[in-house]
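Bear in mind the structure is a predicted one, so any value in this text is a computation, not a measurement. Every chain is numbered from 1, with letters handed out A, B, ... down the list of sequences. For the numbers below, each heavy atom of this structure counts, side chains included, while hydrogens, waters and symmetry mates do not.
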Number of protein chains: 2
Amino acid sequence: MATVLLFVAMPDYDGAVTEATNSGAATSPAKRGRGEKSSPTIYDIARLAGVNPSTVSRALSKPGRVSAKTQKIIEDAAEQLNYQVNPFARALPTGRTQTIGLIVADITNPTFFDIIRGAETTGSDRNYTLVLAESAESPETELIAARRMLSTVDGLILASPRMDDERIRALAADKPVVVINREIVGVPCVVPDVNKGISQAVRSLAANGHQQLAYVAGPPQSWMSGRRWEGVQAACDWYKLGAVRLESSKPTVDGGRQVARDVLASGATAVITYNDLLAIGLMQELQAAGVQVPDQISIVGFDDIFGADFTTPALTTVRSPLGECGSRAAALLLDMLLGQEGPVEAVRVDTELVVRGSSGRLIA
Amino acid sequence: MATVLLFVAMPDYDGAVTEATNSGAATSPAKRGRGEKSSPTIYDIARLAGVNPSTVSRALSKPGRVSAKTQKIIEDAAEQLNYQVNPFARALPTGRTQTIGLIVADITNPTFFDIIRGAETTGSDRNYTLVLAESAESPETELIAARRMLSTVDGLILASPRMDDERIRALAADKPVVVINREIVGVPCVVPDVNKGISQAVRSLAANGHQQLAYVAGPPQSWMSGRRWEGVQAACDWYKLGAVRLESSKPTVDGGRQVARDVLASGATAVITYNDLLAIGLMQELQAAGVQVPDQISIVGFDDIFGADFTTPALTTVRSPLGECGSRAAALLLDMLLGQEGPVEAVRVDTELVVRGSSGRLIA
DNA sequence: ATCAATCTGTCAACCGGTTGCCACGGATTG
DNA sequence: CAATCCGTGGCAACCGGTTGACAGATTGAT
């Protein structure tokens, strides 16, 4: 049930970062349990400024609703007390929490780092806090996390969700939802358009003399793995390469190692894997078996994760603009929160081939 | 002002994950703005169960306060309505938010992944939500984030904080604070005890014939970088190696590349770096310059981050048990929230050398 | 000068739980 | 049998903001 919150920025009055001066004004009358000096409220400000609390509330959150003069007095008082709104108190009557949720399969999977970063940055710019939940790759956990979060956030981003379409549509009926890395009819989606990157990769491999290619697939329930296989097939058709699909046990370095035998047995001289971790594991195992990369086999990964260039040779990979996906998804969601309709069609972002050392001319 | 929340688990009644049935009971009377079916409240449950709302509140959060019979009736009603507490409503009167904060310098820095994971897991086990904030390596941003979070969370964990001791102590006076990767008098700390791992590393290098060692330092304001240098000096004294300290421009792969010239110029045949990223960059640059690793120069990193074994040769490194640090810090914090005093002395966790391929016998 | 329209601030209800205090009824005790 | 105690549930105030309704003050138009 793990969940992470990207706490972007508080949506409100931003007191100076000086030490609380407590100058002049009577100390907050609140009971202080044990050493807990409870922070000032709009009631404290109201008393100090000589106005009604509701006027304070309006001055601080409804620009233009009160006169410039009163506004000034209240802002000064707020600054003097080093006031910060209580987000809980604000969320209670309004239902607006100024947070958006993001559910990823695995916090420690580098694929998601950039998505998180992108969503966080965009949310931050618009004064939204990002709440990040982990589903541990399980559809059930994912659903539970989503349900839980939905009551706490204004909108939700699902990155590579594992739930079925129906459940996602049900969630989307409740509150704004944006999906990353998967297309679902009726739900706004942001997906990398893999075809461009795959075309570049296959063309590059063909140009280097390869004729037989293997695709190492990801988890069967991964929508994206299916799209990538389709893209590989189409590109191989076009460039006249043979294409064979191999299954992996899991989309990790270990899974990549395990699939090495099958790759060799397939007779392919070029491999495209579902993700970079598979590619790295595969390369390690092949090298351990004495196979030269890229002289005997070229390897192309997918995503361009952190560490993809740590290997020797560095990994050639189809980069997914994950950061942009996160950013676009957050922007979309925020627009929806402002009352705009979500796009009917999926938003596509381009992928591109990053050529490093693990792919090259076939030396027969 | 980036901040991330690890949203661990809701501290409360856990409705079944079936679709809301809405069976029998009158639909919630709440106004439903536009399609927003507001979730059921304890008032709905009270009506359905024929009791007072306060009784519902007690049944769901004060075990033993109501009779077993009433308890059952209320729990059934809650399940039927698929009730979930509203965290905001709960936080408002109590001040307890069931969240703990964690501030890290950089979300995308793999060093922190395990800390996050560890804190998240431990928090999750105790029904706490972890709020993760990013300081972007800036002391000012860090302070602002900490101030902001402090009003929202029950306690705070600072991982490798960049603020000065005074400010941290000030925060700790407000609410429970635990520091990771740094020692501050008067504040509970969890720090890897680097000496054991460094001793092992230096002994291993000495045994392999090395006589001159270089330490590539991290950021000047990093407390931990200083401790590691001290540890290296002490171990080199003991094992009779010469030790020289080199400065890096930044603790990244790039920084590692840039320091390669200085390493060669220093005449050292073994290098210990402040972190793994520096080690990886250094190794890449040395190899590009035709230097054999480990035959001509041995390289030992620090931390054992994700990807440290992607390199060829795989990186030898002193592993910091970052996950354990996160976990211990969270446990400490939660204990403090339960009224126990924090430990007076820093909690130390062991480090150990992980020997891989980048270190070995010197071939002169 | 009169009346309407606009601006500005106040009042009070409300969001959804929590909790101190009290009352009621049954069990215990002298 | 009366006095006391305890277990249980209800009442109402409260946490700290938000907001619809409204009234007094200004302003402008006629």
To the nearest 0.5 Å, tell me how far A:Y83 OH sits from A:I45 CD1. 5.5 Å
Specify the separation, in whole Å, of atom CG of B:L92 and atom C1' of D:dT18. 12 Å
For the side chain of A:R96, counting heavy atoms from C-beta on, which of D:dT19, C:dT18, D:dG16 is nearest? D:dT19
Integer-rounded Å distance: C:dC15 P and B:R90 CZ: 19 Å
According to a strict under-4.0 Å criterion, is B:N86 in side-chain N/O contact with OP1 or OP2 of C:dC15? no
To the nearest angstrom, the CZ-C1' distance between B:F88 and D:dG17 comes to 14 Å
Using only modelled atom types and a 3.5 angstrom limit, is any donor from either the side chain of B:R58 or the base of C:dG17 paired with an acceptor on the other? no
dist A:L332:CG -> A:T122:OG1 (nearest 0.5 Å) comes out at 11.0 Å
Send over the distance from B:Q98 CD to C:dT18 C1', rounded to a whole Å. 14 Å
From CD of B:Q84 across to C1' of C:dG16 the rounded distance in Å is 14 Å
Taken to the nearest 0.5 Å, the spacing of B:L81 CG from B:L48 CG works out to 5.0 Å
Of B:A68 and B:T94, the one whose closest DNA chain D nucleotide lies more 5': B:A68
Under 4.0 angstrom between A:S61 side-chain N/O and D:dT18 OP1 or OP2: yes
Establish, with yes or no, whether the OP1 or OP2 oxygen of D:dG9 is under 4.0 angstrom from a side-chain nitrogen or oxygen of B:S67. yes
Whole-Å distance separating the CD1 atom of A:I42 from the P atom of C:dT10: 12 Å
Considering only C:dG9, D:dT19, C:dT18, which nucleotide approaches the side chain of A:T70 most closely? C:dG9
Gap between atoms CZ and P, on A:R47 and C:dG9 respectively (whole Å): 19 Å
Once you round it to whole Å, what is the distance between P of C:dC7 and CD of A:Q71? 16 Å
Report which part of the nucleic acid A:V51 touches: base, sugar-phosphate, or nothing (heavy-atom distance under 4.0 Å, all strands). sugar-phosphate
Phosphate OP1/OP2 of C:dG16 contacted by B:Y83 side-chain N/O (<4.0 Å): no
Mapping B:N52 and B:A89 to their closest nucleotides on DNA chain C, which lands nearer the 5' end? B:A89
Would you give the length of the straight line joining atom CZ of A:R117 to atom CG of B:D106, rounded to the nearest 0.5 angstrom? 5.0 Å
At less than 4.0 Å, is any side-chain N or O atom of A:K62 found next to OP1 or OP2 of D:dT18? Yes or no. no
Heavy atoms under 4.0 Å, any strand shown: does B:T41 hit a base, just sugar-phosphate, or nothing? sugar-phosphate
Between D:dG10 and B:S54, is there an OP1 or OP2 to side-chain N/O distance shorter than 4.0 Å? no
In Å and rounded to the nearest 0.5 Å, what is the OG to NZ distance from A:S151 to A:K175? 6.5 Å
Just how far is it from atom OG of B:S61 to atom CZ of B:R90, taken to the nearest 0.5 Å? 5.5 Å
Pick base, sugar-phosphate or nothing for B:Y43, based on heavy-atom distances below 4.0 Å to the nucleic acid. base
Does any N or O donor sit under 3.5 Å from an N or O acceptor when you compare the side chain of B:R65 with the base of D:dG9? yes
